[in-house]
Visitor: 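Quick one: the structure is below, questions incoming.
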Amino acid sequence: MRQNVGLPSPAWVTPAAMLLFLLLTQSNAALCQERPYFVTYSQNMEEPGNLEVATKNAIGKPQDGNRFMGANMEFEYGVKAWWTSELYLDGATAAHDSTIFTGFRWENRFRPLAREHWITPVLYVEFENINGADKSLLEVVGHDGAADLSDPHALARQEKKREIELKLILGSNFKGWNASENLIFEKNLDNSPWEFGYAVGVSRPLKLAASAKKCSFCAQRFAAGVEMYGGLGDRYTPGLHDTSHYLGPTINWSAPSGLTLSFSPQFGLNDHSVARIYRFGVSYEISRVFGRMGLHGRGNGKVDGKER
């Protein structure tokens with residue numbers, strides 16, 4: 001009988017931890033607050049000149065495969081008030097298998113309306129150059145399912161995915177609540193058909209009014225919500241047949257130093273999905289990265305602080 005072993009340590013964890021440590025020790029403290037979403041995007045953008053460094057991870061086990069962890073490093077930069085650009089470096093590891101680099105993504109978000117409206121739109125364009133072993137699960141489209149996460153890395157990495165991904169992001173804020181909806185359109189740059197997906201999220205800080213005293217674990221430093229996402233078939237077979245869907249609560253905590261920790265247990269809603277996915281993330285923001293270094297609190301003079 002094969003002995004079950006834990007996940008190997010991903011090769012990018014050590015440099016990622018070192019990078020975050022350097023940022024923590026060289027930046028000044030300020031209050032920041034992010035939406036606790038892992039897949040859904042809100043309408044908010046990164047402030048011009050600010051750089052956010054983050055890592056997001058997804059752990060799961062397909063019924064017919066090994067336990068895996070998909071991870072990525074994110075570098076998000078505010079180019080203009082209406083334009084945010086982001087680079088992702090993805091990797092994957094699996095029990096009884098290898099730890100590999102699976103590719104990169106270059107994302108750009110454009111906000112056509114400067115002011116907040118009842119429903120504020122954002123346009124999203126991304127180029128992906130990844131392989132079939134990628135397990136970051138930053139989106140679910142088409143007929144993606146648990147079976148796609150079961151193949152050994154040596155086999156899965158032979159599948160090349162050079163894709164264009166488009167999203168229509170719609171967001172609304174009301175009395176502290178945020179509701180965000182994403183429609184996803186993705187196409188491999190070969191003869192593959194367009195694939196469709198969705199992501200929706202609702203969240204709210206546990207307390208809106210800031211405390212008069214500096215504190216680390218005040219209610220306003222926590223945000224909680226719920227997130228749901230899944231595939232909607234493709235051009236030839238649109239709909240819910242043979243698609244996977246996930247739903248789960250989300251929560252994050254923003255430390256006085258500017259560090260944000262996020263966590264979400266997410267549950268597959270049908271047999272085509274992985275039964276459970278556990279997501280956790282760390283993010284940190286540096287203000288005016290090409291000028292004076294230091295943190296800049298979200299909401300202090302920003303048109304719209306980036307909140308995913």
Visitor: Please list all pairs meeting ring pair (Phe, Tyr, Trp, His ring centres under 6.0 Å) that have one or both residues in residues 146-179, counting only residues at least two apart or in different chains.
Guide: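 For residues 146-179, and leaving out neighbouring residues, there are no ring pair (Phe, Tyr, Trp, His ring centres under 6.0 Å) pairs at all.
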
Visitor: Do V39 and I130 land in one hydrophobic cluster if side-chain heavy atoms of ILVMFWY residues count as linked below 4.5 Å?
Guide: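 Different clusters: V39 never reaches I130 through Ile, Leu, Val, Met, Phe, Trp or Tyr contacts under 4.5 Å.
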
Visitor: If we check side-chain hydrogen bond (donor to acceptor under 3.5 Å, both in side chains) with Y41, which of these qualifies: R35, E181, E107, K167?
Guide: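 Only one option passes, and that is E107.
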
Visitor: Say whether S283 and E34, considering side chains only, have a donor N or O and an acceptor N or O under 3.5 Å apart.
Guide: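 Indeed, the side chains of S283 and E34 share at least one donor-acceptor pair under 3.5 Å.
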
Visitor: Can you tell me if N270 has over 12 outside heavy atoms packed within less than 6.0 Å of its CG?
Guide: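 It does: N270 CG has more than 12 such atoms within range.
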
Visitor: Is it true that E227 and R279 make a salt bridge, defined as a side-chain N closer than 4.0 Å to a carboxylate O?
Guide: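 Result for this pair is no, no salt bridge flagged.
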
Visitor: Any donor-acceptor pair under 3.5 Å linking the side-chain atoms of E126 with those of Y124?
Guide: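 Checked: Y124/E126 side chains pair up, N/O donor to acceptor below 3.5 Å.
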
Visitor: Under 3.5 Å, which donor-acceptor pairs link side chains of residues 194-206 to any protein atom two or more places apart or in another chain?
Guide:
unit_1	atom_1	unit_2	atom_2	d
Y198	OH	H245	ND1	2.8
S203	OG	Y37	OH	3.0

Visitor: Checking T55 side chain against G281 main chain: does a donor-acceptor pair fall under 3.5 Å?
Guide: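 Absent.
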
Visitor: May I ask you to say whether R111 pairs ionically with E116, meaning some side-chain N is under 4.0 Å from a carboxylate O?
Guide: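 E116 and R111: salt-bridged.
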
Visitor: Compute whether any side-chain donor of one residue and acceptor of the other, for S85 and N108, lie under 3.5 angstrom apart.
Guide: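 A pair is found: one side chain offers a donor N or O, the other an acceptor, under 3.5 Å apart.
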
Visitor: If you measure from the Lys or Arg side-chain nitrogens to the Asp or Glu carboxylate oxygens, is any gap between E46 and R109 under 4.0 Å?
Guide: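 The answer is no: the pair does not qualify as a salt bridge.
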
Visitor: Show, in sequence, the C-alpha distance, side-chain angles and deciding distance for T99 and T93, and conclude whether the side chain to side chain donor-acceptor pair (under 3.5 Å) test is met.
Guide: CA-CA 4 Å; T99 297; T93 186; 2.7 Å; yes

Visitor: If only atom types and distance count, is the side chain of K187 paired as donor or acceptor with the main-chain N or O of F185 below 3.5 Å?
Guide: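 Here the side-chain-to-backbone pair does not exist.
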
Visitor: Is K61 reaching over with its side chain to a backbone N or O of G65, donor-acceptor style, under 3.5 angstrom?
Guide: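 Present.
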
Visitor: Determine yes or no for a side-chain-to-main-chain donor-acceptor pair under 3.5 angstrom, with D90 supplying the side chain and G70 the backbone.
Guide: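 Pair absent, no side-chain N/O of D90 close to backbone of G70.
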
Visitor: How about F280 and F263: are their ring centres within less than 6.0 Å of each other?
Guide: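 They do not qualify: ring centres at least 6.0 Å apart.
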
Visitor: Going through the distances and angles, do T237 and H143 end up as a side-chain contact (heavy atoms from CB on, under 4.5 Å)?
Guide: CA-CA 9 Å; T237 56; H143 299 284; 2.8 Å; yes

Visitor: Could you check whether N252 and T250, counting side-chain N and O atoms only, form a donor-acceptor pair closer than 3.5 Å?
Guide: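 Side-chain D/A pair, T250 to N252: absent.
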
Visitor: Is the closest basic N to carboxylate O distance between K161 and E128 below 4.0 Å?
Guide: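 Salt bridge absent between K161 and E128.
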
Visitor: With ILVMFWY side chains joined below 4.5 Å, transitively, what does I184's cluster contain besides itself?
Guide: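 Taking Ile, Leu, Val, Met, Phe, Trp and Tyr as members, I184 shares its hydrophobic cluster with V141.
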
